[in-house]
Enquirer: 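Shown below is the structure under consideration.
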Amino acid sequence: MATKLWQKNTTPTAEIERFTVGRDRELDVLLAESDVLGSMAHITMLEHIGLLEADELRVLLTELRTILADIRAGRFEIEEGVEDVHSEVELLLTRRLGDVGKKIHSGRSRNDQVLLDLKLWTRRQLREVVELVKVLFDELLAQSECYKDVLMPGYTHLQVAMPSSFGLWFGAYAESLADDMLFLQAAYRLVNRNPLGSAAGYGSSFPLDRQMTTDLLGFDSMDYNVVYAQMGRGKMERNVAFALASVAGTIAKLAFDACLFNSQNFAFVKLPDDCTTGSSIMPHKKNPDVFELTRAKCNKLQALPQQVTLIMNNLPSGYFRDLQIIKEVFLPAFDELKDCLRMCAYIINKMRVNEHILDDPRYDLMFSVEEVNRLAASGIPFRDAYRQVGLDIEAGRFRPVKEVHHTHAGSIGNLCNDHIADLMASVLKGFPFEKVEAAEQKLSEG
Ligand code: ARG
């Protein structure tokens, strides 16, 4: 068993070690790049306040760059007997550089180190989610425009209700994503604050320059109060999880619609053959498994805020090891959501709609309101017109005029897709991706 960062004159038993380390050796690898970037900023600041010599900083930064390159090339692992990513990086430095490696941890605790790692990692992940949401948004809006003149039945209670259109259907999900983007932005802004310098949760007697690490890492500002910075563990993940769940909610609903509308009984849309799966017994089957799996994964993702909440709910302020468990549910969520977003965008792009659904007389009655409105517009009071059309329907005399004249904002004839695109564009402008990328690049390349 390797020595722990905190080990003095007693050794934990192997069972205690196994239980407390948990899945950190596997999950912390995801945080490795962020951990090294964070250390680069921290030691640059330590040199600035006189806690490291300039040549010590130079050798440390050079070695951290080597470690970073190894991480990016997939050549990094947390060795057996090493607890977590923070210990592994410090161990590598000390092994390769000797005592100077042991100096990097002045004024820092693994508590603020893991807070920082999680924020840097989440910041990058959120950017990827945002970019994939935008890709799906564009596909949806393109399909909405493409099929804006094709009518389809609209339902309430799953009963045929009123005319809708594929333009409306695709566009609705685009607008939903534009709203979800607001949650992603709020989450991003919470994430984009620097917790480094809060140390174990109560700051340090070293005169740490927290503004300097804030700038080096491209953060908007810092989590000022050191106690609050530590309280952010769990709160950050929960709020980000709400944003992910908002996106997941949109996609799960889209996936359900797609499964339903692709069924032979509806046949409103057709999934491309190469996007469906077959049956081992029924030779004709072309199943929408991708959307079914997307639906389940996205429904599961909507439990994430609750999972995070329940893990950290009853903790008082200050660090607790409970918080480590959040990583187990939080970190894998991003790959799952990104995967679903990619699959949806791919299939939506290839989805074709049935332009002749309304030839089927089972949908005739959805034009009843159009007829009522026509009569009302000609001067008959609405309630009388409603009654007249109702009686015609009951008597089998109703003959639909399969035309619609909807002109108001957001309706079949006036989708306002340009406004929806503007909504999305204005939210996207608020993400400081370039500033963050420039800072991270400068820090890692020197
Ligand atoms: N693996 C730990 C976590 O995720 C790192 C922080 C350890 N801090 C401590 N005081 N034991 O929370």
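Source: prediction; values computed, not measured. No hydrogens, no waters, no symmetry mates; every other heavy atom, side chains included, goes into these values. Counting convention: from 1, in listed order, for ligands and their atoms alike.
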Enquirer: Looking only at side-chain N and O atoms, does R123 offer a donor or acceptor that is under 3.5 Å from a partner on S34?
Expert: no
Enquirer: Starting from atom 2 (C) of ligand 1, what is the nearest protein heavy atom, named by residue and atom, and what distance separates them?
Expert: Q324 OE1, 3.4 Å
Enquirer: With nothing but distance in play, are any N or O atoms of N111 less than 3.5 Å from an N or O of ligand 1?
Expert: yes
Enquirer: Side chain of S144, backbone of G167: donor and acceptor closer than 3.5 Å?
Expert: yes
Enquirer: Does the pair E90/R108 count as a salt bridge with the N-to-O cut at 4.0 Å?
Expert: no
Enquirer: Using a 4.0 Å heavy-atom cut-off, say whether Q113 meets ligand 1 through its side chain, its backbone, both or neither.
Expert: neither
Enquirer: Considering only heavy atoms, does D24 approach ligand 1 within less than 4.0 Å through its side chain, its backbone, both, or neither?
Expert: side chain
Enquirer: Can you tell which of F219, F183, F431 makes a ring pair (Phe, Tyr, Trp, His ring centres under 6.0 Å) with Y188?
Expert: F431
Enquirer: Return the orientation label for the F266 and F261 ring planes: parallel under 30°, perpendicular over 60°, tilted otherwise.
Expert: tilted
Enquirer: Heavy-atom pairs closer than 4.0 Å: do any link ligand 1 to the side chain of R23, the backbone, both, or neither?
Expert: neither
Enquirer: Taking the non-hydrogen atoms of R233, is any one of them nearer than 4.0 angstrom to ligand 1?
Expert: yes
Enquirer: Using salt bridge (charged side-chain N to carboxylate O under 4.0 Å, His left out), reason through K327 and D117 one step at a time and then give a plain yes or no.
Expert: CA-CA 11 Å; K327 291 189 287 194; D117 291 3; over 6 Å; no
Enquirer: Polar contacts were defined as any N/O atom of the residue lying under 3.5 Å from an N/O atom of the ligand; does this apply to Y319 and ligand 1?
Expert: yes
Enquirer: Using a 3.5 Å cut-off on N or O atoms only, is H86 in polar contact with ligand 1?
Expert: no
